[in-house]
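Accompanying notes for the structure given below.
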Amino acid sequence: MQFSFMKKQGGSHPEEKKDRTRKIPIVDATIPKVLIFPVSMHIGAPAKPIVEVGDKVKVGQMIAEAGGFISANIYSSVSGEVIAVEKRPSTGGEIDSIIIKNDYEYIKDEPIVEPGKSAHMTDDEIIETVRKAGIVGMGGATFPTAVKLSPPPGMTIDSFIINGAECEPYSTSDNRVMVEYAEEIVSGINLIRKLFPKIKKVYIGIEDNKPNALKSMREATASYRDVIVQPLKTMYPQGSEKGLIKTMTGREVPPGGLPAEVRCVVMNTSTIRACYRACEFGEPLTDRIVSVSGTPIKEAKNLRVKIGTPIDSLIEDCGGFSEVPGKVLSGGPMMGKPISDLGISIIKGTTAITVLTPAEADEGEEKDCIMCSECLNVCPVSLQPILISDAFDRGNLQKAKELGAMDCIECGNCSFICPSKIPLLDNILAAKAAIKEQEAG
Ligand code: SF4
Ligand code: SF4
């Protein structure tokens, strides 16, 4: 039986476009000569560089340390020399970055913990290792995982949800991680669930357009009676955190609330695998899987990429463009960020690079709202996107806030569906930023 939190409200059906990469095994990306590490590749305070120009670094050596409780360490993914610490473009604008020249020797630093001991770690050691490894939500959220694993005292967690929905069109990195590394995901589940002894059920939610991932996760969990591999209806945004919680447990996270408030922890498949590898092998987070696809890409691929690799290197790995692209996105077409500079690098939360033709990227001319209500119908969190957008246009931030702007999960469904091509999400994002700025004083 398929499940979906969006039976009654919201959701859309953008074309899946996953066929080019869903069955393609992961291969190593070329490791470039120069890698770029923005110090802010996570939610929270930027990390602070601890290396200087001229320093020699090893693979897995910390180069920037967390800048606060909500922040994350950053490690070099190659050995070589620091050649600059300067601002560089990234998906979030110009950001302080550490630039490392690869020496192609791949000399490894010491593991962050003694390998082979994860089964005997205490709770504190697991959380500390995840923190030390610089692991953040690798599904794109980039929230520091150690913080997520430390809910406020008094909050009991009884449900553990693994997010394998991967509902963004084109993206197939999580799909391949589930197909190729199911055992490591299960080892990660066993490790993390120890932190929450009251967990009664573990749910692995996977959209039903990923039969191979469903099969491999079912095989890997066959001997666990309390682990449920749940097929989900293919629908966007099936993988939203609050939506998954509702689908799996029937519980609703209150507006502005945390999953822990409804006794749930949700983790992405790649994140949980990274937690296992950090604790079992002492590996900090230095690489990730990225799918590279879209019509103009000559040979679409799933690549194992060193964090810090510029996007143009991945495009080259895929044979380049067969035509001049209309848009290159970090992520998928619904929530991805448009990129104007292919020299920006892959960071911890980059799930996919999606390239659209000019025709696919053409959003058409913006017209007046025809009051069709479609944007309301597709909003998975029951907002009225046009009213929020309108309030922002009129400079009425208070009204935008009252209408729930801050509860928008930024899925992009409203913009996608709007026949008048009104940039609803862009306006709501701008409203959220303005409200945050106003509240900060
Ligand atoms: S982007 Fe926000 S307002 Fe628009 S459909 Fe998604 S959640 Fe609703
Ligand atoms: S979908 Fe577009 S045209 Fe329809 S009500 Fe919303 S903003 Fe207006």
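All ligand and atom numbering here is 1-based and tracks the order in the structure. Computation of the quantities below employed the complete heavy-atom set of this structure, encompassing side-chain atoms and omitting hydrogens, waters and symmetry-equivalent molecules.
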- Kindly indicate whether the side chain of Pro385, heavy atoms from C-beta on, has any atom under 4.5 Å from the side chain of Val378. no

- Shortest protein contact, atom 2 (Fe) of ligand 1 (heavy atom only): Cys408 SG, 2.3 Å

- atom 8 (Fe) of ligand 1: which protein heavy atom is closest, and how many Å away? Cys379 SG, 2.4 Å

- Task: Determine whether the side chain, the backbone, both or neither of Ile409 has a heavy atom under 4.0 Å from any heavy atom of ligand 1.
- Result: both

- Counting from 1 in the order shown, the ligand 1 atoms closer than 4.0 Å to a non-hydrogen atom of Leu425 are 1 (S)

- Is it true that Lys215 and Glu219 make a salt bridge, defined as a side-chain N closer than 4.0 Å to a carboxylate O? yes

- Item | Residues Arg88, Glu86: salt bridge by 4.0 Å N-O rule | yes

- Query: Side-chain contact, heavy-atom cut-off 4.5 Å: Glu241 with Asn163?
  - Reply: no

- Task: Could you tell me whether the side chain of Asp96 and the main chain of Val39 form a donor-acceptor pair under 3.5 Å?
- Result: no

- Task: Applying side-chain contact (heavy atoms from CB on, under 4.5 Å), name anything that partners Glu261, two or more places apart in sequence or on another chain.
- Result: Met155, Pro254, Leu258

- Query: Which atoms from ligand 1 have a heavy atom of Asn413 less than 4.0 Å away?
  - Reply: 5 (S)

- Distance filter under 4.0 Å to Gly412 heavy atoms, resulting ligand 1 atoms: 1 (S), 6 (Fe)

- Return the residue, atom name and 0.1 Å-rounded distance of the protein heavy atom closest to atom 4 (Fe) of ligand 1. Cys414 SG, 2.3 Å

- Message: Between Pro237 and Asn413, is there a side-chain heavy-atom distance shorter than 4.5 Å?
- Response: yes

- Ile428 and ligand 1 - part of the residue with a heavy-atom distance under 4.0 Å: side chain

- Task: Before accepting this row, confirm whether a basic side-chain N of the pair Lys246/Glu252 lies closer than 4.0 Å to the acidic partner's carboxylate O.
- Result: yes

- Task: Would you please say whether a donor-acceptor pair under 3.5 Å links the side chains of Thr234 and Glu16?
- Result: no

- Message: Out of all atoms in ligand 1, which are within 4.0 Å of some heavy atom of Val381? Include the element for each.
- Response: 7 (S)

- Note on the structure: Counting only protein N, O or S atoms and ignoring waters, those under 2.8 Å from atom 8 (Fe) of ligand 2 are Cys369 SG

- In the protein, what heavy atom is nearest to atom 6 (Fe) of ligand 1, and what distance, to one decimal place, separates them? Cys411 SG, 2.3 Å

- Message: A cation-pi test, strictly: NZ or CZ of Arg193 under 6.0 Å from the centre of the six-membered ring of Phe160 and no more than 45 degrees from its axis. Yes or no?
- Response: no

- Query: Taking atom types as modelled, is there a side-chain donor on Asp174 or Thr269 under 3.5 Å from an acceptor on the other?
  - Reply: yes

